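Below is one structure, written out as structure tokens; comments come after it.
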Amino acid sequence: MATVNKSIEVDVPVSVAYNQWTQFETFPEFMNGVESVEQIDETALHFSTNVGGVKREYNAQIVEQVPDSLVSWASVDGPRNGGTVSFEPLDGGRTRVNVEIIWEPETLTEKAGSALGVDGMRVGADLDKFKKFIEVQGRETGAWRGTVSGGDVEDTGVEVNHMQAVDGDFGPSGVPTAIGMPSTDPDLAAPAAEDGFVDPARPHDL
């Protein structure tokens, strides 16, 4: 198994950095190689990636999620992979974002890249893009404040979508009012994954 650990400091409060990370479908905005992310329900995700001309699809599950603290995921099909993104509040309204990824390289190219530290460079580059993305905006595009433990939702919290906020959706302090998490079709199942794998943080530069 290969492991990558990277950190970066961003000039936004911890709640803003964390909230943006709960908006999985925006990952293509700052992760190279991630073409799309479909959120099936509160804990199920489907990734479509294209890295080095190799297209792959896979499913992942959020196994732990604590507001303003961490998000952990694990693959549910394909090669083993998983990781954790944690958030530390710093002085001056800044936040340190820590990423740990554990995955199993398959091809000779992936194994060689891992040995040469290419994966770490990709993750570092993606964190740089996340920093620019969130600092330019100055606020999150949305938020899901639920809690997940052992893959089960313990508290659904609320979802706030700044992109959908319109006149009248803002409270007296200028903060958008909560928009409830839409109900999930119980018959909706995650798409079957193709052979191969890509890590949420690795496919692009994460």
Side-chain angles (χ1 to χ4, degrees), residues 1-14 16-39 45-65 68-75 78-88 90 94-107 109-144 196-206:
M1 298 291 283
T3 302
V4 172
N5 288 280
K6 290 289 181 179
S7 297
I8 197 168
E9 293 183 8
V10 295
D11 291 321
V12 296
V14 66
V16 173
Y18 170 84
N19 286 345
Q20 186 60 56
W21 215 273
T22 68
Q23 303 304 287
F24 306 109
E25 294 186 352
T26 67
F27 280 6
E29 297 286 341
F30 54 86
M31 293 184 176
N32 284 337
V34 176
E35 295 189 329
S36 67
V37 179
E38 180 183 1
Q39 182 149 12
L45 307 171
H46 182 75
F47 284 80
S48 296
T49 64
N50 186 343
V51 179
V54 178
K55 293 187 176 183
R56 290 168 171 166
E57 297 192 10
Y58 71 99
N59 298 314
Q61 180 183 25
I62 303 303
V63 293
E64 300 290 337
Q65 187 165 337
D68 299 340
S69 179
L70 62 83
V71 178
S72 296
W73 75 91
S75 61
R80 292 178 297 166
N81 71 94
T84 297
V85 181
S86 60
F87 306 83
E88 300 178 36
L90 303 174
R94 294 166 55 82
T95 302
R96 179 178 293 112
V97 181
N98 306 300
V99 176
E100 179 182 45
I101 299 171
I102 302 174
W103 68 290
E104 187 171 12
E106 284 194 306
T107 67
T109 300
E110 289 175 337
K111 292 177 181 178
S114 177
L116 294 172
V118 174
D119 302 323
M121 289 187 285
R122 288 175 176 171
V123 172
D126 280 351
L127 280 176
D128 287 338
K129 291 180 180 179
F130 174 74
K131 175 180 174 69
K132 293 177 182 178
F133 177 83
I134 195 63
E135 289 182 356
V136 166
Q137 290 187 152
R139 68 177 187 180
E140 62 275 77
T141 60
W144 187 67
F197 120 92
V198 177
D199 185 279
R202 176 177 179 277
H204 40 328
D205 309 30
L206 183 216

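These numbers were taken from a predicted model, which means no experiment stands behind them.
Remark: D68 CG to E88 CD distance equals 13.0 Å, nearest 0.5 Å. The distance from atom CG of L70 to atom CH2 of W21, rounded to the nearest 0.5 Å, is 13.0 Å. Rounding to the nearest 0.5 Å places CG of L127 at 12.0 Å from CD of E9. Considering OG1 of T95 and CG of L90, their distance stands at 6.5 Å, rounded to 0.5 Å. Between atom CG of residue L45 and atom CD1 of residue I62 there is a gap of 4.5 Å, rounded to the nearest 0.5 Å. To the nearest 0.5 Å, atoms CD (E100) and CG (N5) are separated by 4.5 Å.
Here the side chain of Q61 pairs no donor or acceptor atom with the backbone of V63 at under 3.5 angstrom. At least one donor-acceptor pair under 3.5 Å links the side chain of E25 to the backbone N or O of Q39. Side-chain N or O atoms of T84 include none that pairs as donor or acceptor with a backbone N or O of S72 at under 3.5 Å. Looking at T22, its side chain does come within 3.5 Å of a backbone N or O of W144 through a donor-acceptor pair.
In terms of heavy-atom proximity, K6 sits nearest to V4 at CG-CG1, 4.0 Å. Listed here is the closest heavy atom pair of A17 and V97: CB-CG2, 4.5 Å.
The aromatic rings of F27 and F47 are tilted relative to each other, their planes meeting at an angle between 30° and 60°. Using cut-offs of 30° and 60° on the angle between ring planes, the pair Y18 and F87 is perpendicular.
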Stepwise side-chain contact (heavy atoms from CB on, under 4.5 Å) test for F130 and V99: CA-CA 12 Å; F130 174 74; V99 176; over 6 Å; no
Go through T141 and Q20 one step at a time and tell me if the side-chain contact (heavy atoms from CB on, under 4.5 Å) criterion holds. CA-CA 6 Å; T141 60; Q20 186 60 56; 3.1 Å; yes
Is there a side-chain contact (heavy atoms from CB on, under 4.5 Å) between V10 and F133 once you walk through the steps? CA-CA 10 Å; V10 295; F133 177 83; over 6 Å; no
